[in-house]
Undergrad: 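Please read through the structure below; I'll follow up with questions.
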Amino acid sequence: DREHSHKEHKRDKERGNWKNYTTGGKKKAKNEPEEKWKWWEEEKCTDGSKWRFLEHKGPVFPPPYEPLPDRVRFYYDGKAMKLSPGAEEVATFYAKMLDHEYTTKDIFRKNFFKDWRKEMTSEEKSKITELKKCDFTEMHEYFKAQSEARKQMSKEEKQKIKEENERILQEYGYCVMDNHRERIGNFRIEPPGLFRGRGDHPKMGKLKRRIRPEDIIINCSKDSVHPKAPPGTRWKEVRHDNKVTWLVSWTENIQGSIKYIMLNPSSRIKGEKDWQKYETARRLKKIVERIRAQYREDWRSKEMRIRQRAVALYFIDKLALRAGNEKDEGETADTVGCCSLRVEHIRLHPQMDGQDYVVELDFPGKDSIRYYNKVSVEKRVFKNLQLFLENKQAKDDLFDRLNTSILNKHLQELMDGLTAKVFRTYNASITLQQQLKELTSSDDNIPEKILSYNRANRAVAVLCNHQRAPPKTFEKSMHNLQTKIDEKKKQLSAAKKELKAAKADAKTLRDEKSKRAVETKKKAVQRISEQLMKLEVQATDREENKQIALGTSKLNYLDPRISVAWCKKLGVPIEKIYNKTQREKFAWAIDMTDEDFEF
DNA sequence: CGTGGGAAGTCGGGAAATAGGAC
DNA sequence: CGTCCTATTTCCCGACTTCCCAC
């Protein structure tokens with residue numbers, strides 16, 4: 001890379017040219033890195049392959065079921081009853097959840113009981129006919145005691161377990177992809193249990209069955225050492241498909257969907273995809289005003305489908321809504337996004353709180369997180385919405401002439417690679433950049449700068465509706481922090497008093513010793529007031545963060561190069577913004593970004 | 001052209017585990 | 001320096017978007 005001029009190098013960085021990028025962290029080994037990208041640069045566009053060599057050890061299965069000791073009993077209708085191993089295992093899943101609210105839910109109980117009965121012997125089946133006559137409390141107590149015992153283990157025992165986990169991680173947690181050892185994201189097969197689902201899920205409580213080697217499809221390269229199935233078993237299939245990125249897959253029994261084992265976010269294959277995502281969003285930035293002009297124009301179209309498309313796109317752009325695919329009714333929780341909004345989710349107010357044309361949105365979004373917002377829109381949008389609502393029932397679609405596929409097809413015509421979700425990425429990232437510019441000043445100290453960063457991050461989280469339940473210990477931890485602040489304040493005034501006294505001493509004594517004492521006291525006051533300021537900033541930050549989750553936007557929506565550039569420009573260590581895992585994921589950005597990067 | 005379904009990959013909050021700081 | 005508690009990190013596992021293909 002030495003022949004590369006500085007200028008060229010910088011240009012490569014800005015363009016995000018991966019040719020000269022190596023996974024961050026360790027020093028480059030001689031003659032190693034550039035090779036990594038060569039074939040990729042040459043072949044990726046033409047044939048769509050994702051790798052050319054892939055070797056791994058396959059998945060790690062959860063331990064087999066261990067029957068309960070005889071003293072732990074299950075009671076039916078008040079009488080102790082020994083269950084067959086199969087039925088007992090499923091019963092333990094339920095027993096473990098007794099503390100949870102959802103064991104009180106009708107659907108959960110009904111689904112569980114139905115699936116449980118399938119695992120019973122015919123004898124058990126005829127005896128156990130009602131869930132409410134089942135008493136799992138001994139089992140429940142047993143598991144509580146077990147986890148308590150785990151906590152009480154000696155340091156040596158804990159150390160041993162840790163070492164064993166590390167051994168498994170080293171053996172199964174990595175693969176080799178194209179001459180690089182890469183970390184695997186989820187190399188453990190999910191253990192069996194009861195399906196929960198999020199929100200009001202019609203399948204909650206159903207049995208998620210144990211995955212066997214015979215369910216597993218292995219994907220690796222032909223010329224690799226194939227993973228061995230556990231003794232006495234065989235894989236469902238071993239295939240060699242380099243058009244996909246997964247190493248292992250199986251079909252899950254609740255929704256019948258496919259699950260995968262894929263690489264960690266720090267891997268080349270994920271990092272590159274991530275980078276590409278932000279490059280697409282940056283391309284949108286260049287033409288977004290044109291697109292906006294067009295959809296505003298389309299609000300007046302003669303065609304209903306065009307008007308609906310234009311208003312939906314306006315929502316996606318302005319409110320950062322998700323696309324909103326249609327979902328199978330009865331198979332999933334009732335949640336919606338933009339295209340699947342129904343009449344019941346929207347209310348129109350010609351006047352509200354001194355604003356004109358207010359749209360009130362209230363719907364269950366992804367993961368059944370509530371989206372609630374009141375927003376003033378342009379007259380034309382408002383009139384269109386009134387039109388869309390005419391002669392419709394609560395359950396009818398707001399955009400009856402639109403779905404995500406139509407919308408995305410339209411977007412694809414406006415820009416290569418443009419889809420609904422690109423708007424979310426774009427608006428999130430541009431908001432961060434703007435907010436950082438607005439909120440931070442180079443005169444601020446580090447804690448203040450970090451507060452500003454978090455506030456910018458919060459603006460994005462609010463935009464994307466990343467809410468969380470206030471942490472259970474929120475009030476307490478807030479109170480603790482306040483106590484600390486009060487103590488620090490006392491400390492400060494005491495220190496100030498001492499300083500004053502020392503000054504007085506110095507004035508009368510006028511000797512070296514008392515002068516030095518003044519200096520020491522001065523330093524103490526300074527130190528303490530700095531600590532106090534830090535605590536106060538922390539308190540503000542925490543309070544403002546009560547119901548906001550920053551993680552998701554930071555990890556998935558904010559171009560890391562914005563943060564890296566900001567850190568460099570303002571002299572904030574990157575560690576203050578990204579923890580270790582995040583730095584690994586964003587290694588590409590940390591490596592290639594200059595302080596003058598613009599999204 | 002729409003539609004329906006499968007496949008692959010990204011996004012998501014909460015719980016569990018671990019690290020780190022106070023005592 | 002050990003213990004305990006809190007804060008942060010990691011894991012878990014589900015939910016969604018997009019693409020693609022058959023009809």
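Below, chain A is the first sequence line, B the second, and so on; all start at residue 1.
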Undergrad: Determine the contact category for A:Arg150: base if any of its heavy atoms lies under 4.0 Å from a base atom, sugar-phosphate if only primed atoms, P, OP1 or OP2 are that close, otherwise nothing.
TA: nothing
Undergrad: Among C:dA15, B:dG14, C:dG14, which nucleotide has an atom closest to any side-chain atom of A:Glu190?
TA: C:dG14
Undergrad: Please confirm whether A:Phe187 and A:His56 have ring centers closer than 6.0 angstrom.
TA: no
Undergrad: On DNA chain C, does the nearest nucleotide to A:Gly185 precede the nearest nucleotide to A:Ala333 from the 5' side, or the other way round? Give the residue.
TA: A:Gly185
Undergrad: For the helix from B:dG2-C:dC23 to B:dC23-C:dG2, what angle separates the axis at the start from the axis at the finish, each from five pairs, in steps of 10°?
TA: 20°
Undergrad: Mind checking A:Phe195 for me? I need base, sugar-phosphate or nothing, with any heavy atom below 4.0 Å counting as a touch.
TA: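 Answer is sugar-phosphate: A:Phe195 comes under 4.0 Å of backbone atoms only.
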Undergrad: So what does A:Thr245 hit on the nucleic acid, given a heavy-atom distance under 4.0 Å: a base, only sugar-phosphate, or nothing?
TA: sugar-phosphate
Undergrad: So A:Thr335, base contact, sugar-phosphate only, or nothing? Heavy-atom distance under 4.0 Å.
TA: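 Touches sugar-phosphate only.
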Undergrad: Looking only at side-chain N and O atoms, does A:Lys259 come under 4.0 Å of OP1 or OP2 in C:dC13?
TA: no
Undergrad: Between A:Val422 and A:Gly197, which has a closest nucleotide on DNA chain C that is more 5'?
TA: A:Gly197
Undergrad: State whether the number of non-hydrogen atoms from other residues, nucleotides or ligands found under 6.0 Å of A:Lys534 atom NZ is greater than 12.
TA: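 Atom NZ in A:Lys534 is not packed in, count stays at 12 or less.
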Undergrad: Ignoring backbone atoms, test whether A:Thr419 places a side-chain nitrogen or oxygen under 4.0 Å from the OP1 or OP2 oxygen of C:dT17.
TA: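 So the side-chain polar atoms of A:Thr419 never come under 4.0 Å of the phosphate oxygens OP1 or OP2 of C:dT17.
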Undergrad: Using a cut-off of 4.0 Å on non-hydrogen atoms, how would the nucleic acid contact of A:Gly365 be classed: base, sugar-phosphate, or nothing?
TA: sugar-phosphate
Undergrad: Using a strict 4.0 Å threshold on nitrogen-to-oxygen distance, state whether A:Asp334 and A:Arg342 make a salt bridge.
TA: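 Result for this pair is yes, salt bridge flagged.
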Undergrad: What nucleic acid atoms does A:Arg468 come within less than 4.0 Å of, heavy atoms only: base, sugar-phosphate, or nothing?
TA: sugar-phosphate
Undergrad: Is the count of non-hydrogen atoms from other residues, nucleotides or ligands lying under 6.0 Å from A:Asp200 atom CG greater than 12?
TA: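 No - once you tally the heavy atoms of other residues, nucleotides and ligands closer than 6.0 Å, there are 12 at most.
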Undergrad: C:dA7, C:dT17, C:dC19: which one has an atom nearest the side-chain heavy atoms of A:Ala323?
TA: C:dT17
Undergrad: Considering every strand and a 4.0 Å limit on heavy-atom distances, what is the contact class for A:Pro364: base, sugar-phosphate, or nothing?
TA: nothing
Undergrad: When all nucleic acid strands are considered with a 4.0 Å heavy-atom cut-off, which category describes A:Ile406: base, sugar-phosphate, or nothing?
TA: nothing
Undergrad: Any base atoms under 4.0 Å from A:Ala420, or only sugar-phosphate, or nothing? Heavy atoms, all strands.
TA: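 Sugar-phosphate, no base atom in range.
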Undergrad: How is A:Arg196 classified with respect to the nucleic acid when contacts are heavy atoms under 4.0 Å: base, sugar-phosphate, or nothing?
TA: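 Contact class for A:Arg196: none.
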Undergrad: Check for a donor-acceptor pair, side chain of A:Arg239 on one end and backbone N or O of A:Ser221 on the other, with a separation under 3.5 Å.
TA: no
Undergrad: Can you find a donor-acceptor N/O pair under 3.5 angstrom joining the side chain of A:Lys366 to the base of B:dC11?
TA: yes
Undergrad: When the aromatic ring centroids of A:Trp116 and A:Phe136 are compared, is their separation below 6.0 Å?
TA: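 Yes, they do, as the ring centres are separated by less than 6.0 Å.
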Undergrad: Is the shortest side-chain N/O distance from A:Arg401 to OP1 or OP2 of B:dG2 below 4.0 Å?
TA: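 No.
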Undergrad: Counting the atoms with a prime plus P, OP1 and OP2 as sugar-phosphate, which does A:Gly324 contact under 4.0 Å by heavy atoms, base, sugar-phosphate, or nothing?
TA: sugar-phosphate
Undergrad: Quick one: do A:Arg527 and A:Glu530 make a salt bridge, cutoff under 4.0 Å?
TA: no
Undergrad: Where the side chain of A:His466 is defined as all heavy atoms beyond and including C-beta, which of B:dG13, C:dA15, C:dT6 is the nearest nucleotide?
TA: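 My answer, after comparing the listed nucleotides, is B:dG13.
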Undergrad: What nucleic acid atoms does A:Asn325 come within less than 4.0 Å of, heavy atoms only: base, sugar-phosphate, or nothing?
TA: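 Base contact.
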Undergrad: Taking only the side-chain nitrogens and oxygens of A:Lys208, find out if one of them lies under 4.0 Å from OP1 or OP2 of C:dG14.
TA: yes
Undergrad: Would you mind classifying the nucleic acid contact of A:Gln467 as base, sugar-phosphate or nothing, using non-hydrogen atoms under 4.0 angstrom?
TA: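 Counting heavy atoms under 4.0 Å across all strands, the contact made by A:Gln467 is with sugar-phosphate only.
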Undergrad: Which of these nucleotides, B:dG13, C:dT17, C:dC16, is closest to any side-chain atom of A:Thr552?
TA: B:dG13
Undergrad: Would you indicate whether A:Lys57, at its atom NZ, is surrounded by more than 12 heavy atoms from other residues, nucleotides or ligands within a distance under 6.0 Å?
TA: no
